Amino acid sequence: MELKLPPHRMQITDDLDKLLEILPSNIKQPLENHPQKNSLIEIVLDLGRKPEARFSHRTEYLSDQLITREDLAHCVARVGHFSADNRAGIERTLHRISAIRNRQGDIIGLTCRIGRAVFGTILMIKELVESGQSILLLGRPGVGKTTALREIARVLADELEKRVVIIDTSNEIAGDGDVPHPAIGRARRMQVARPELQHQVMIEAVENHMPEVIIIDEIGTELEALAARTIAERGVQLVGTAHGNHLENLIKNPTLSDLIGGIQSVTLGDEEARRRGSQKTVLERKAPPTFEIAVEMWERQKWVVHEDVAQTVDYLLRGKQPIPQLRQVNDAGEVSITRDPSFSSPQQVSTNPPTLIDIPNKPTGLRAQGKMTPLPITPQPIHNEFEEMLANSWYQLEKTGQKMRTPGPNGEDFPIYLYPYGIGKSHLDHVISILKLPIVLTKDLDSADAVLALRSQVKHHSKLVQLAKERQLPIKSIKSNSIPHITRALRELVSLEDGNEPESLDIRVLTRVGSDDEIEALEEARLAVEQIVIPQGQPVELLPRSAKVRKMQHELIEHYRLRSDSFGDEPNRRLRIYPA
């Protein structure tokens with residue numbers, strides 16, 4: 001996809017002459033007539049060293065004379081007040097002058113960064129800005145994050161006519177002085193007295209000035225991240241920048257991880273850990289991200305866009321590499337948008353790019369309602385057992401033509417396709433095989449007719465409930481992962497058992513080998529329950545049995561919803577069954 005950039009859209013204004021006015025004459029003169037002054041980024045003045053000019057691709061000395069204290073004092077006297085973060089500016093310009101001090105507090109170095117207003121620089125993401133979603137910009141220093149913020153503020157305020165408030169901590173976005181620079185258009189600017197108060201001004205802006213959009217530069221503390229979440233939860237669009245070159249940096253940064261939803265350690269149950277093929281303790285996203293969209297600014301004309309931050313973070317925590325959009329602008333002003341799995345980020349070694357595995361999205365929206373048919377998915381190569389189990393957990397599709405239906409005795413559609421969640425597959429296969437139930441287990445939630453899950457999973461796993469509700473699937477919950485509970489649930493699914501009245505259990509399902517000792521012990525327990533405990537209301541003690549057989553007897557007693565205890569010492573330990 002290509003977008004044409006009209007030549008008149010890219011306009012640059014830098015007020016460079018106002019910055020040169022504060023410099024000593026021996027530094028100012030070489031720059032005034034320099035052929036590449038339009039690509040100047042910084043001027044560095046350090047005590048006892050030659051003055052340096054840093055351009056886009058190189059650095060050069062401006063004079064052979066060393067910087068003296070008088071030179072530094074000459075510059076300091078002509079700029080505004082240095083705030084607590086050692087930054088100052090020139091009124092009605094976008095330039096930033098940063099000071100380096102010694103231990104006595106004296107200024108011994110200055111960094112004069114040229115601030116430019118570039119109109120048209122955000123064409124690559126303009127439709128994202130207009131979408132109303134919150135956007136986070138990431139990138140190394142000098143890549144143009146603040147310039148992009150300035151242009152976003154102008155577009156939102158002037159072209160979309162929204163109420164925009166800029167939280168300008170160091171007066172870098174809208175310039176120094178009380179009157180903001182024209183580059184921000186009709187957007188309003190709130191100054192911050194001290195950098196540590198930025199989070200308070202962010203909340204104050206929402207409470208006092210009714211903004212539709214808030215723009216923040218350099219979110220760097222936990223309090224500012226929490227304030228950003230508070231603002232986003234009040235329905236205000238956020239546009240901000242944060243320290244970090246890539247989204248992975250925020251996941252590893254405990255201070256700023258809340259911007260992308262926060263990371264928490266979760267302990268899985270044994271069944272779920274086996275199903276995932278992972279350790280019992282895993283990392284998961286804690287909450288919805290503050291920013292729905294993230295933009296990694298690799299270069300001034302090469303940006304990477306993550307349209308769904310929540311999905312990207314989930315992929316990264318599962319050990320998979322997402323495939324975001326790569327947007328670039330060429331010299332002719334054409335914007336290209338690609339999603340090529342072969343490109344890698346600058347921090348990765350180009351000769352050995354990582355394998356990128358694109359997981360198909362879980363069905364939502366029109367697709368979940370049956371109004372859209374997903375395209376066939378070509379499986380990507382799987383490289384380890386964990387990835388294979390994870391890919392099969394949600395995304396395995398039934399083969400075309402495999403799902404066959406035959407009418408049951410009462411007109412039912414058999415077999416029933418069952419999606420088990422947290423239930424032992426071996427138990428299910430055993431019960432279905434012994435009782436010859438018309439049930440087929442499936443790993444594809446879309447092709448399932450019902451869901452079978454532990455009651456605790458249904459209670460605490462809102463994701464499962466949400467997915468089942470979207471597909472209008474009934475959830476059958478059982479108390480425990482025992483054979484009697486599984487048997488009862490499966491018989492109820494195929495309408496072979498009334499949910500209110502316990503029916504005599506086929507004791508074959510409780511034994512794998514079917515030895516005479518096991519069958520005799522289970523028959524003893526069944527007769528005791530049906531002939532003495534239930535009709536006469538009396539407790540019964542059974543004969544001593546081995547631990548394995550007593551466990552089977554306990555499971556059988558659970559089927560009748562009675563209580564049983566083991567007592568005595570081995571080898572005479574036995575069961576006692578109590579009436580309800």
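Values in this document were obtained by computation on a predicted structure and should not be read as measured data. Basis for what follows: all heavy atoms, side chains included, without hydrogens, waters or symmetry-related copies.
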> Taking side chain to side chain contact (heavy atoms under 4.5 Å, CB included) as the criterion, tell me which of Val143, Val295, Leu250 meets it with Leu138.
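In the set Val143, Val295, Leu250, the residue that makes a side chain to side chain contact (heavy atoms under 4.5 Å, CB included) with Leu138 is Leu250.
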> Which heavy atom of Ala448 sits nearest a heavy atom of Leu473, and at what distance?
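Looks like O-CD2, 3.1 Å.
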> Is Ile184 close to Arg154 at the side-chain level, that is, under 4.5 Å between some pair of heavy atoms?
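The answer is no; the side chains never approach within 4.5 Å.
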> Just do the side-chain contact (heavy atoms from CB on, under 4.5 Å) check on Ile263 and Val313 with the steps written out, would you?
CA-CA 9 Å; Ile263 308 301; Val313 172; 4.3 Å; yes
> With no hydrogens and no angle check, just 3.5 Å: does a side-chain donor-acceptor pair link Glu307 and Gln325?
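Distance-only check passes for Glu307 and Gln325.
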> Among Leu94, Thr93, Leu40, find the residue that satisfies the side chain to side chain contact (heavy atoms under 4.5 Å, CB included) test when tested with Ile114.
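Of Leu94, Thr93, Leu40, side chain to side chain contact (heavy atoms under 4.5 Å, CB included) with Ile114 is met by Leu40 alone.
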> Would Val236 and Val213 count as a side-chain contact (heavy atoms from CB on, under 4.5 Å) if you check the C-alpha gap in whole Å, the side-chain angles of each, and the deciding distance to 0.1 Å?
CA-CA 6 Å; Val236 178; Val213 183; 5.6 Å; no
> With a cut-off of 6.0 Å (strictly less than), are more than 12 heavy atoms of other residues, nucleotides or ligands near CZ of Arg101?
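Correct, the count exceeds 12.
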> Under 6.0 Å from the six-membered ring centre of Tyr315 and within 45° of its axis: does the NZ or CZ of Arg318 meet both?
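No, a cation-pi geometry is absent between Arg318 and Tyr315.
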> Going from CG on Leu149 to CD on Glu218, what distance comes out if it is rounded to the nearest 0.5 angstrom?
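CD of Glu218 is found 9.5 Å from CG of Leu149.
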> Which residue in the set Arg87, Gln191, Gln198 passes side-chain hydrogen bond (donor to acceptor under 3.5 Å, both in side chains) when paired with Ser170?
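Answer after filtering Arg87, Gln191, Gln198: Arg87.
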> Could you check whether atom CZ of Arg188 has more than 12 heavy atoms from other residues, nucleotides or ligands sitting under 6.0 Å from it?
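Counting neighbours around CZ of Arg188, 12 or fewer heavy atoms of other residues, nucleotides or ligands fall under 6.0 Å, so no.
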> Could you check Trp298 against Val304 for side-chain contact (heavy atoms from CB on, under 4.5 Å), going step by step and ending with a plain yes or no?
CA-CA 7 Å; Trp298 291 358; Val304 167; 3.3 Å; yes
> State whether the side chain of Arg163 and the backbone N or O of Met210 hold a donor-acceptor pair below 3.5 Å, judged by distance alone.
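Side chain of Arg163 to backbone of Met210, a donor-acceptor pair under 3.5 Å: yes, one is there.
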> Within the 3.5 Å criterion, strictly below it, is a donor on Glu296 or His246 matched to an acceptor on the partner's side chain?
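Their side chains do contain a donor-acceptor pair, which is all the 3.5 Å distance test asks for.
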> If you define the side chain from C-beta out and look only at heavy atoms, does anything of Asp446 sit under 4.5 Å from Arg471?
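The answer is yes; the side chains approach within 4.5 Å.
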> In Å and rounded to the nearest 0.5 Å, what is the CG to CD1 distance from Leu45 to Ile108?
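Reported to 0.5 Å precision, the distance equals 13.0 Å.
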> Take Val155 and Lys126 through the test side-chain contact (heavy atoms from CB on, under 4.5 Å) and record every step on the way to the result.
CA-CA 9 Å; Val155 169; Lys126 188 171 182 181; 4.2 Å; yes
> Between the side chain of Asn102 and the main-chain N/O of Asp106, is any donor-acceptor distance below 3.5 Å?
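The answer is yes, because a donor-acceptor pair under 3.5 Å joins these two groups.
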> Answer yes or no: are there more than 12 heavy-atom neighbours, outside Asn208 itself, under 6.0 Å from its atom CG?
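Yes, CG of Asn208 has more than 12 neighbouring heavy atoms, counting only those of other groups under 6.0 Å.
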> Using a 4.5 Å cut-off on heavy atoms from C-beta on, say whether the side chain of His306 contacts that of Ile293.
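Of all side-chain heavy-atom pairs linking His306 with Ile293, none is under 4.5 Å.
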> Mind checking whether Glu204 and Met190 have side chains closer than 4.5 Å, heavy atoms only?
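Answer yes - side chains close enough.
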> Can you name the nearest heavy-atom pair linking Ala53 to Leu31, along with the distance?
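Minimum heavy-atom contact is CB-CD2, 4.3 Å.
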> Within the structure provided, determine whether Ile260 and Thr290 are in side-chain contact (heavy-atom separation under 4.5 Å).
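Answer no - side chains too far apart.
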> Any side-chain heavy-atom pair from Gln466 and Glu470 closer than 4.5 angstrom?
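Of all side-chain heavy-atom pairs linking Glu470 with Gln466, at least one is under 4.5 Å.
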> Is the CD atom of Glu60 crowded by more than 12 outside heavy atoms at less than 6.0 Å?
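Counting other residues, nucleotides and ligands, CD of Glu60 exceeds 12 neighbours.
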> About how many Å separate OG of Ser83 and CZ of Arg194, when rounded to the nearest 0.5 Å?
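Answer rounded to 0.5 Å: 11.5 Å.
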> Would you call Ile107 and Phe82 a side-chain contact if the rule is heavy atoms closer than 4.5 Å?
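Contact flag for Ile107/Phe82 side chains = yes.
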> Salt bridge check, Lys18 against Glu21: does any charged N sit closer than 4.0 Å to a carboxylate O?
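Looking at Lys18 together with Glu21, the answer is no, because their closest N to O distance does not fall below 4.0 Å.
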> Strictly below 4.0 Å, N to O, side chains only: are Glu32 and Lys37 in salt-bridge contact?
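Between Lys37 and Glu32 there is no salt bridge, as every charged N stays at least 4.0 Å from the carboxylate O atoms.
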> To the closest 0.5 Å, what do you measure between CZ (Arg285) and CD1 (Ile251)?
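Rounded to the nearest 0.5 Å, the CZ-CD1 separation comes to 10.5 Å.
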> Contact between Ser265 and Thr281 at the side-chain level, heavy atoms closer than 4.5 Å - yes or no?
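Ser265 reaches Thr281 side chain to side chain.
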> If I compare all heavy atoms of Asp258 with all of Ala225, which pair ends up nearest, and what's the gap?
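Looking at all heavy atoms of both residues, the shortest contact is OD2-O, 3.9 Å.
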> If the test is side-chain hydrogen bond (donor to acceptor under 3.5 Å, both in side chains), which one of His181, Arg92, His95, Arg116 qualifies with Asp15?
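For Asp15, the side-chain hydrogen bond (donor to acceptor under 3.5 Å, both in side chains) test succeeds with only one of His181, Arg92, His95, Arg116, which is His181.
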> Quick one about Gln36 and Arg58 (side-chain donor to acceptor, distance below 3.5 Å, no hydrogens or angles considered), yes or no?
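Indeed, the side chains of Arg58 and Gln36 share at least one donor-acceptor pair under 3.5 Å.
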> Run the salt bridge (charged side-chain N to carboxylate O under 4.0 Å, His left out) check on Glu248 and Lys252 step by step: do they pass?
CA-CA 7 Å; Glu248 295 94 322; Lys252 299 173 184 177; over 6 Å; no
> Do the side chains of Glu212 and Lys162 get close enough for a salt bridge, i.e. N-O under 4.0 angstrom?
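Salt bridge flag = no for Lys162 with Glu212.
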> Go through the side-chain N and O atoms of Asp217 and Thr241 and say whether any donor and acceptor fall under 3.5 Å apart.
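Indeed, the side chains of Asp217 and Thr241 share at least one donor-acceptor pair under 3.5 Å.
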> Sort out for me which residue in Ile215, Leu136, Ile214, Leu259 forms a side chain to side chain contact (heavy atoms under 4.5 Å, CB included) with Leu238.
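Answer to the side chain to side chain contact (heavy atoms under 4.5 Å, CB included) test with Leu238 among Ile215, Leu136, Ile214, Leu259: Ile214.
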> Determine the minimum heavy-atom distance between Asp168 and Gly175, stating which atoms define it.
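Heavy-atom minimum between the residues: OD2-N, 4.1 Å.
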> For Lys286 and Gln264, which heavy atoms make the closest approach, and how far apart are they?
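Closest pair (atom of Lys286, atom of Gln264, distance): CG-OE1, 3.6 Å.
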